[in-house]
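Data block below; observations after.
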There are 2 protein chains.
Amino acid sequence: MIRRLSQARERGIPEATVARLPLYLRALNGMAERGLATVSSEDLAVAAGVNSAKLRKDLSHLGSYGTRGVGYDVEYLIYQISRELGLTQDWAVAIVGVGNLGRALANYGGFVSRGFRVAALLDADPEVVGDHIAGLNVEHIDELEAVIRRRGVSIVVLATPAVAAQQVADRVVAAGVTSILNFAPVVLSVPEGVDIRKVDLSIELQILAFHEQRKTDRMTGGPTMAEEWPEAVDL
Amino acid sequence: MIRRLSQARERGIPEATVARLPLYLRALNGMAERGLATVSSEDLAVAAGVNSAKLRKDLSHLGSYGTRGVGYDVEYLIYQISRELGLTQDWAVAIVGVGNLGRALANYGGFVSRGFRVAALLDADPEVVGDHIAGLNVEHIDELEAVIRRRGVSIVVLATPAVAAQQVADRVVAAGVTSILNFAPVVLSVPEGVDIRKVDLSIELQILAFHEQRKTDRMTGGPTMAEEWPEAVDL
DNA sequence: GTCCTTTTGTGAACCGGTGCACAAAGTGAG
DNA sequence: CTCACTTTGTGCACCGGTTCACAAAAGGAC
Ligand SMILES: NC(=O)c1ccc[n+]([C@@H]2O[C@H](COP(=O)([O-])OP(=O)(O)OC[C@H]3O[C@@H](n4cnc5c(N)ncnc54)[C@H](O)[C@@H]3O)[C@@H](O)[C@H]2O)c1
Ligand SMILES: NC(=O)c1ccc[n+]([C@@H]2O[C@H](COP(=O)([O-])OP(=O)(O)OC[C@H]3O[C@@H](n4cnc5c(N)ncnc54)[C@H](O)[C@@H]3O)[C@@H](O)[C@H]2O)c1
């Protein structure tokens with residue numbers, strides 16, 4: 001039982017913890033800007049909107065970086081979390097599908113700030129190919145594999161229409177990319193080992209609507225029993 | 001123990017289930033378009049990308065809508081899920097912050113399709129106010145409360161810069177809205193009873209980067225122990 | 001040094017959710 | 001009507017994650 005710290009760090013940061021680390025990082029960056037040198041788990045937890053015990057347990061998975069009676073060194077913790085997340089290196093991102101959403105993403109400054117660099121924009125529409133957006137030339141989707149290879153793209157953002165998404169995903173995966181952020185409202189099927197994260201606007205709104213309905217039902221003493229199954233239902 | 005069905009339905013659909021219902025709904029709509037009348041839990045589960053036992057358990061929370069030996073009636077299930085999610089009514093959505101992202105959202109057709117109607121666009125920039133986007137006039141943020149009241153807005157989408165988000169959220173909540181979809185990278189603080197869902201691009205990318213790093217580390221037999229804490233760290 | 005205060009790191013109970021596996025319920029053939 | 005087959009609905013064991021609560025560690029006062 002020699003490798004105490006190593007044991008904690010190695011091969012096993014819970015997924016739920018990984019998802020919160022960026023939150024802590026953001027809060028810490030704010031604190032660093034305001035000149036704070038150290039922060040307690042309680043304060044950091046409040047800033048990140050979580051419970052302080054959870055925060056401490058999360059951080060304990062990275063190692064023992066706090067000082068009892070004092071708290072955590074802000075700069076040091078920023079470095080450790082950044083390193084853990086892989087933010088100390090530079091990630092080349094390609095955006096495929098340069099429509100409404102793809103353009104917004106390309107123009108968004110928030111990526112670059114933390115190790116992510118938009119390295120390529122790709123689209124199938126000849127009307128769009130050749131456009132200059134955020135200092136980048138939109139290239140034709142035929143160039144996909146070449147662009148991924150040449151620019152060392154390791155993360156692809158999918159912002160094509162739903163029908164094209166699977167087909168593009170297949171090519172992207174075949175080209176060796178194993179991390180995809182998907183905005184198209186489809187369930188992508190990819191081989192083992194490929195990570196997909198999806199952002200789905202419409203699902204978020206539907207979840208809000210569900211709770212909103214419950215809230216208003218409760219007020220108005222809404223229907224408690226299933227009503228009759230009416231005739232027509234639009235899609 | 002009289003009210004079996006009611007007991008199942010009433011006051012208690014697990015949050016995880018609610019988050020999956022939109023997925024099932026989407027898959028079902030696809031099947032309805034292709035003319036399928038019934039579907040087995042197995043097939044629907046595959047289409048939605050989940051385990052079939054999970055799907056059955058999820059659906060059992062809404063009631064007993066399947067037929068053993070046959071499966072589920074596609075149209076009927078679409079109706080039941082829609083009703084449960086509150087999609088049989090029309091929701092007025094306001095988008096606050098009509099920049100890159102706000103515009104993309106306003107132009108997006110995917111909302112309207114399922115009970116959500118963009119009823120207002122609001123911005124603080126006089127340059128933007130008055131623009132016509134997707135058939136809507138961009139109104140000044142000063143009109144926020146009046147617009148929410150007059151158009152019956154019950155869901156607000158926040159697409160302002162991070163610094164403005166909390167302030168806008170406070171006004172939105174004060175105006176009686178209890179459902180917010182937040183795109184700004186901040187932890188919003190709102191009173192009990194207000195539902196916030198956040199969509200955070202940057203967090204998604206960071207999670208992908210984490211796993212990507214692990215994958216490449218494993219291949220190259222990367223560092224197993226924490227390295228030295230280097231001098232400077234950029235934010 | 002001793003004592004008091006602060007705050008971390010974690011053991012352990014708890015909780016929501018997942019998935020296996022199967023009885024119950026339905027269909028259809030003969 | 002019976003038998004073979006299909007598929008749902010769910011009991012139950014399990015698992016990851018959350019939260020409480022506290023011992024252990026650190027710092028400061030004297
Ligand atoms: N705009 C939004 O706010 C929003 C919100 C939620 C989800 N989405 C989803 O994001 C995706 C993009 O939305 P959008 O509004 O930007 O759509 P869009 O139609 O404006 O843009 C899609 C772009 O993809 C390109 N494209 C089509 N097929 C392609 C292919 N095979 N390879 C490369 N490029 C291809 C098109 O030329 C077009 O430029 C859609 O799947 C949409 O459902 C968008
Ligand atoms: N564009 C993206 O792809 C993207 C991705 C992730 C997150 N975000 C986040 O979404 C938000 C919007 O991004 P964006 O790229 O559209 O920014 P943007 O600067 O293009 O647009 C912001 C808009 O909000 C308006 N605004 C500012 N203060 C306001 C106020 N008090 N009330 C009403 N409107 C106000 C501005 O006038 C501007 O039109 C930001 O918080 C950003 O961090 C954007």
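Chain naming here is simple, since letters A, B, ... match the order of the sequence lines and numbering starts at 1 in each.
For C/dG26, the OP1/OP2 oxygens have no side-chain nitrogen or oxygen of B/Thr67 closer than 4.0 Å. Within the structure, a side-chain polar atom (N or O) of A/Ser41 is placed less than 4.0 Å from OP1 or OP2 of C/dT8. Look at A/Tyr72 and you won't find any side-chain N or O under 4.0 angstrom from OP1 or OP2 of D/dA26. Contact annotation: B/Ser40 does not reach the phosphate of D/dT7 (side-chain N/O to OP1 or OP2, under 4.0 Å).
We find that CG of A/Leu21 is positioned 12 Å from P of D/dG17, with the value rounded to whole Å. In this structure, A/His61 places its NE2 atom 16 Å from P of C/dT8, rounding to the nearest Å. In this structure, the CG atom of A/Asp58 is 12 Å from the P atom of C/dG9, given to the nearest Å. Across the protein-nucleic acid pair, A/Glu15 atom CD and D/dC15 atom P stand 18 Å apart, rounded to whole Å. Atom P of nucleotide C/dG26 and atom CG of B/Asp73 are separated by 16 Å, given to the nearest angstrom.
Counting distance only, with no hydrogens placed and no angle test, the side-chain atoms of B/Lys57 and the base atoms of C/dG19 include a donor-acceptor pair under 3.5 Å. A donor N or O paired with an acceptor N or O is found under 3.5 Å between the base of D/dT8 and the side-chain atoms of B/Arg68.
A salt bridge links B/Asp200 with A/Arg26: the distance from a Lys NZ or Arg NE/NH1/NH2 to an Asp or Glu carboxylate oxygen falls below 4.0 Å.
Within residues 45-56 of chain A, the residues that place at least one heavy atom under 4.0 Å from DNA chain C are, in residue-number order, A/Arg56.
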